Protein chains: 2
Amino acid sequence: MSQDESALKSVSLTVMKGMAVLAAFDGRTHSMTLAELARATGQDRATARRGALTLVQLGYLQQNGRGFSLTPKVLLIAGGFLQANRFGLHVQPVLNGHAETLGTEITLALREGSDVLLLAQSTLHHGRPVSFGFTVGSRLPLLHTSLGRMLLACEADEALPDLISAAPPPRYTDLSLASPAEITESIRQARADGYAMTDGEFEAGIVGFAVPVSRPGHRGLVVGANVARGAGGTDKDRMLQTLQLCAADLRRNEALEAL
Amino acid sequence: MSQDESALKSVSLTVMKGMAVLAAFDGRTHSMTLAELARATGQDRATARRGALTLVQLGYLQQNGRGFSLTPKVLLIAGGFLQANRFGLHVQPVLNGHAETLGTEITLALREGSDVLLLAQSTLHHGRPVSFGFTVGSRLPLLHTSLGRMLLACEADEALPDLISAAPPPRYTDLSLASPAEITESIRQARADGYAMTDGEFEAGIVGFAVPVSRPGHRGLVVGANVARGAGGTDKDRMLQTLQLCAADLRRNEALEAL
DNA sequence: GCAGTTTGTGCGATTATCGAACATAAGTTC
DNA sequence: GAACTTATGTTCGATAATCGCACAAACTGC
């Protein structure tokens with residue numbers, strides 16, 4: 001029996017079902033009914049209901065009439081990770097410092113499946129927020145964001161076709177690249193340049209930049225920032241330079257060692 | 001059959017066990033062995049192992065030799081909550097704005113069981129970090145922090161003795177209040193004053209302030225800030241005023257409606 | 001009020017889970 | 001290196017927990 005087979009034999013199907021219920025609350029809607037939950041998880045209605053009621057009992061979900069929604073207690077799970085890795089001490093101040101230099105928010109992200117996963121973010125107080133209100137734990141599209149493009153550029157060539165087809169490209173704006181060939185070319189370009197830039201592909205009027213945190217032998221990790229097009233002030237070279245300094249500061253950051 | 005009994009009958013014991021494994025990774029240690037995990041959860045070793053291997057299979061845990069640790073994927077669970085409630089749009093900018101006024105970081109928190117749970121924290125760059133590196137999802141002590149004291153002041157009188165005894169007071173510094181009577185008195189004082197202040201009780205040399213977000217009929221919610229003692233600059237009245245303005249701005253915040 | 005949809009519940013078949021016992025591996029001390 | 005201790009991996013059968021079906025109750029929209 002190989003290690004994979006042994007691992008599969010030791011997997012608890014019921015725990016998986018419970019986690020699937022929890023993961024179905026992915027932030028797209030405020031709450032879900034049992035029928036929606038059963039559809040989202042593909043589980044029998046009665047099974048999904050039992051999973052949900054268990055999570056209610058544990059305090060991770062609350063029930064309001066027919067709707068179920070996550071409670072703040074789920075933040076503890078993320079806190080377990082963030083605290084164990086000392087993000088608050090070692091990552092957040094780095095992002096905060098460079099974001100102040102740059103005058104716009106900075107985001108640290110990696111690839112999780114077919115999405116960009118936001119690990120940390122420094123947001124500033126300015127009259128007009130640049131982003132959609134993303135937070136730690138937010139998913140962004142892999143294909144049409146600068147973060148995602150840069151993350152794809154960190155992948156091995158042979159992995160790209162599958163990643164690109166697994167993340168079918170809905171077009172967010174008229175400017176979003178449509179064909180896998182175009183996307184592949186822009187990934188190649190990002191790799192050659194050492195940075196990725198997208199212009200209005202995900203959010204109209206928003207220019208995104210991303211650079212890699214160079215860590216050979218580790219999972220791809222990137223930092224990025226956005227500006228509103230035409231905002232002036234911060235030019236491309238200065239932005240890239242600051243992002244690269246930030247990436248350099250994160251290079252041997254102990255909080256990121258385990259990623 | 002009452003609603004409680006019906007809920008208990010529909011609870012999945014196996015899902016509970018799997019969640020207990022996940023919750024055992026509470027950030028206190030970087031990783032845990034199976035033996036530690038079995039002890040932490042009180043489960044039979046083989047059961048804890050199956051739970052852990054299931055979570056590894058799902059991507060929420062990783063195994064490194066004998067140690068298991070959380071992966072960044074757990075941030076998605078928190079992201080589900082933060083996104084569903086629009087924290088990034090509606091809460092973060094409020095905290096950041098007032099933190100800029102105040103010149104120190106501001107924290108939003110509520111009570112979760114016997115702990116303070118950090119919901120959000122401003123991300124501005126201040127010259128000197130005041131805190132221990134707390135993050136979203138961090139737990140703080142209920143009894144010896146200004147946040148915790150203010151949260152206790154939001155509780156009904158008859159609930160206080162149980163809450164105080166459930167959170168046995170380790171003393172963090174020489175200045176930490178030791179006896180339940182002293183703690184109760186300071187909670188009473190916080191209630192009368194409309195703010196809580198602690199001086200060196202949790203972190204030596206750190207003065208903490210907290211004020212409630214007034215929301216009758218809702219769970220207690222507080223905002224707080226810390227200063228290093230002797231730092232000058234920011235006086236007490238100005239700090240309290242800013243915290244109170246921040247609390248007022250959060251009073252009818254739609255992101256916090258469901259709490 | 002009616003039709004359609006959703007939720008709650010009971011029940012028994014059966015499947016998944018459990019933990020004991022044993023084997024193997026790793027770590028510590030001398 | 002040997003002996004001891006601790007930890008991990010595996011197998012297996014008893015059985016407890018889970019499952020999903022069917023029905024009842026509740027809700028929603030016209």
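For clarity, every value in this text was computed on a predicted model and none was experimentally measured.
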With respect to the phosphate group of D:dA17, does any side-chain polar atom (N or O) of B:T14 fall under 4.0 Å of OP1 or OP2?
no
Closest non-hydrogen atoms of B:H30 and B:S69, given as atom of the first, atom of the second and distance, are O-CB, 3.4 Å
Please confirm whether the shortest side-chain N or O distance from A:K17 to OP1 or OP2 of C:dA16 is below 4.0 Å.
no
Rounded distance in Å - CG (B:L34) to P (C:dG27):
14 Å
Whole angstroms only, please: what is the CZ-P distance between A:R39 and C:dT5?
11 Å
When the distance from CE of A:M16 to P of D:dC19 is rounded to whole Å, what number comes out?
14 Å
Going by atom types only, do A:T71 and A:Q62 share a side-chain donor-acceptor pair under 3.5 Å?
no
How many whole angstroms separate atom CD of B:Q43 from atom P of D:dA16?
18 Å
Residue-phosphate contact under 4.0 Å: A:R49 side-chain N/O, C:dT9 OP1/OP2
yes
Quickly work out the A:L13 CG to C:dT14 C1' distance and round it to whole Å.
14 Å
Does a nitrogen or oxygen in the side chain of A:R45 sit under 4.0 Å from OP1 or OP2 of C:dT6?
no
Roughly how many Å is it from CZ in B:R50 to P in C:dA16, rounded to a whole number?
13 Å
Between C1' on C:dT7 and CE on A:M32, what's the gap in Å once rounded to a whole number?
16 Å
Geometric class of the A:F87/A:F81 ring pair [parallel <30°, tilted 30-60°, perpendicular >60°]
tilted
Tell me which nucleotide among C:dC18, D:dC27, C:dA16 gets nearest to the side chain of A:R66.
D:dC27
Whether B:R111 and B:E155 form a salt bridge (side-chain N of Lys/Arg under 4.0 Å from carboxylate O of Asp/Glu) is what I want to check.
yes
Picking from C:dA16, D:dT8, C:dT7, the nucleotide nearest the side-chain atoms of A:T33 would be C:dT7
5' priority, DNA chain D, between A:T47 and B:A46 [closest heavy atom]
B:A46
In whole Å, what is the span from the CD atom of B:Q63 to the P atom of D:dA7?
16 Å
Do B:R86 and B:E257 sit within salt-bridge range, that is, some charged N less than 4.0 Å from a carboxylate O?
no
